[in-house]
Amino acid sequence: MDRRRFLLTLAAGLAVAATGHGAVTGTRAGQGGPDPGPAEPLAADPVEAAVEAPAGPLPPPTGVVTALPGEGNGLALTIDDGTSSEVVAAFVALAVDTGVRLTFFPNGCYRSWEENAVALRPLVESGQVAFGNHTWSHPDLTTLPDARVAEEIARNRDFLRTTFGVGTPFFRPPFGAHDERTDRIAADLGHPTIAMWNGTLGDSRVLTGAELVGYAREWFTAQTIVVGHANHRTVTTVYGELLDLIAQRDLRTVTLADVWAVPPPPFQGVAATGLVRG
Ligand SMILES: [Zn+2]
């Protein structure tokens, strides 16, 4: 019927205008209908599709990024280290259950990544999960000579490629400790983008659930890159609260690869330099 078609058209229009003047369009169009009634479930699909569509992606920048670029309601949840296989598994389950988009920065020295690789691979293939390099064993790179820095980065790069089949332009230095020298070595090894953060779950140490949710209240804001860790169980006990915050604030989770495109496969074959092994 015409009215149904009209509502679908209206929904599509609102979806397109969702980040702009949707309210104006909606008001004007709504005046024509005799009985607006309760919203039809049909309207949800086009809107949802528009919300899920990544805005970018842009080419990965060379240099340091600390926030998502431009306007929007993106929230990049980036999860580091992975000292606990149980916590990595919980994040994987969260992603599967809720559709939350995550960027992991693993240290390949922890068994958690291989132990969860089978569950992670489909999420990687669909793009719901992306990766960045965080070094093999989490040293302070600024204290190491060039060759050791390169070894830490290249070994983990190769681990990510072997385990998940992906390359990544993103590098996050352990402890956030980096300088021009370490940035240059990372870039030489295929990671031009130094992915820092401007929000945190505070969970590099053990927190109570309430403390962790307090950090989330402070930092879950639009266009923020939030750092968290797959190390301690606390975060897994407050997923519900974190999701509530994301919904209440109308935030949209994005991976760093949704925002800055990961180069296509040729990139992944570049520089299997043999700098590392063992
Ligand atoms: Zn770390």
Side-chain angles (χ1 to χ4, degrees), residues 64-68 75-92 94-95 101-117 120 124 129-144 148-161 163-164 166 168-179 181-183 185-187 189-207 211-212 215-216 218-220 224-236 238 242 255-257 276:
V64 178
V65 298
T66 54
L68 300 182
L75 174 69
L77 295 176
T78 63
I79 307 300
D80 293 4
D81 306 354
T83 64
S84 165
S85 197
E86 181 192 355
V87 177
V88 171
F91 270 108
V92 172
L94 173 73
R101 301 177 80 80
L102 299 170
T103 308
F104 288 113
F105 284 86
N107 304 117
C109 72
Y110 301 123
R111 297 182 55 83
S112 56
W113 301 105
E114 273 181 322
E115 287 173 358
N116 288 285
L120 274 163
V124 177
V129 161
F131 287 106
N133 190 342
H134 195 41
T135 74
W136 173 256
S137 68
H138 212 279
D140 178 347
L141 296 179
T142 62
T143 67
L144 299 182
R148 292 274 316 281
V149 173
E151 183 178 319
E152 278 286 338
I153 296 171
R155 184 173 182 182
N156 207 50
R157 175 201 61 191
D158 294 348
F159 168 79
L160 292 174
R161 192 177 291 150
T163 309
F164 300 109
V166 292
T168 174
F170 308 114
F171 178 69
R172 174 169 288 166
F175 314 106
H178 69 111
D179 53 31
R181 181 183 68 102
T182 62
D183 292 356
I185 295 170
L189 292 168
H191 309 296
T193 306
I194 309 302
M196 303 297 279
W197 58 89
N198 60 341
T200 181
L201 292 178
D203 63 349
S204 54
R205 63 187 178 92
V206 178
L207 301 176
E211 286 173 326
L212 195 149
Y215 278 99
E218 181 172 0
W219 295 113
F220 279 18
T224 299
I225 300 175
V226 170
V227 64
H229 296 84
N231 297 352
H232 308 299
R233 278 195 70 252
T234 306
V235 67
T236 69
V238 294
L242 302 186
T255 72
L256 295 188
V276 255

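Counting starts at 1 for both ligands and their atoms, in listed order.
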Check: Is it the case that Ser85 and Arg111 place a side-chain donor and acceptor less than 3.5 Å from each other?
Finding: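 No, Arg111 and Ser85 have no side-chain donor paired with an acceptor closer than 3.5 Å.
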
Checklist line | Thr234, Thr83, Asp203 screened by side-chain hydrogen bond (donor to acceptor under 3.5 Å, both in side chains) with His229, the one that passes | finding: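 So, applying the side-chain hydrogen bond (donor to acceptor under 3.5 Å, both in side chains) to His229 and each of Thr234, Thr83, Asp203, only Asp203 qualifies.
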
Note to self: Testing Glu152, Arg155, Arg157, His191 one by one against Asn133 for a side-chain hydrogen bond (donor to acceptor under 3.5 Å, both in side chains), which residue passes?
What the structure shows: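 Exactly one option meets the side-chain hydrogen bond (donor to acceptor under 3.5 Å, both in side chains) with Asn133, and it is His191.
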
Notebook entry, point to check: For the rings on Phe105 and Phe131, is their centre-to-centre separation under 6.0 Å?
Noted result: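 Judged by ring-centre distance (under 6.0 Å), Phe105 and Phe131 do not meet the cut-off.
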
Next item on the list: Could you tell me which residues satisfy side-chain contact (heavy atoms from CB on, under 4.5 Å) with Asp183, sequence neighbours excluded, listed by chain and number?
Entry: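 If we apply the side-chain contact (heavy atoms from CB on, under 4.5 Å) test to Asp183, skipping adjacent residues, the hits are Val64, His178, Ile194.
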
Note to self: At less than 2.8 Å, how many protein N/O/S atoms surround the Zn ion (ligand 1)? Leave waters out.
What the structure shows: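 There are 3 of them.
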
Margin query: Tell me the closest heavy-atom pair linking Leu160 and Gly132, and the distance in Å.
Written below: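 What the structure gives for the nearest pair is CD1-O, 3.6 Å.
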
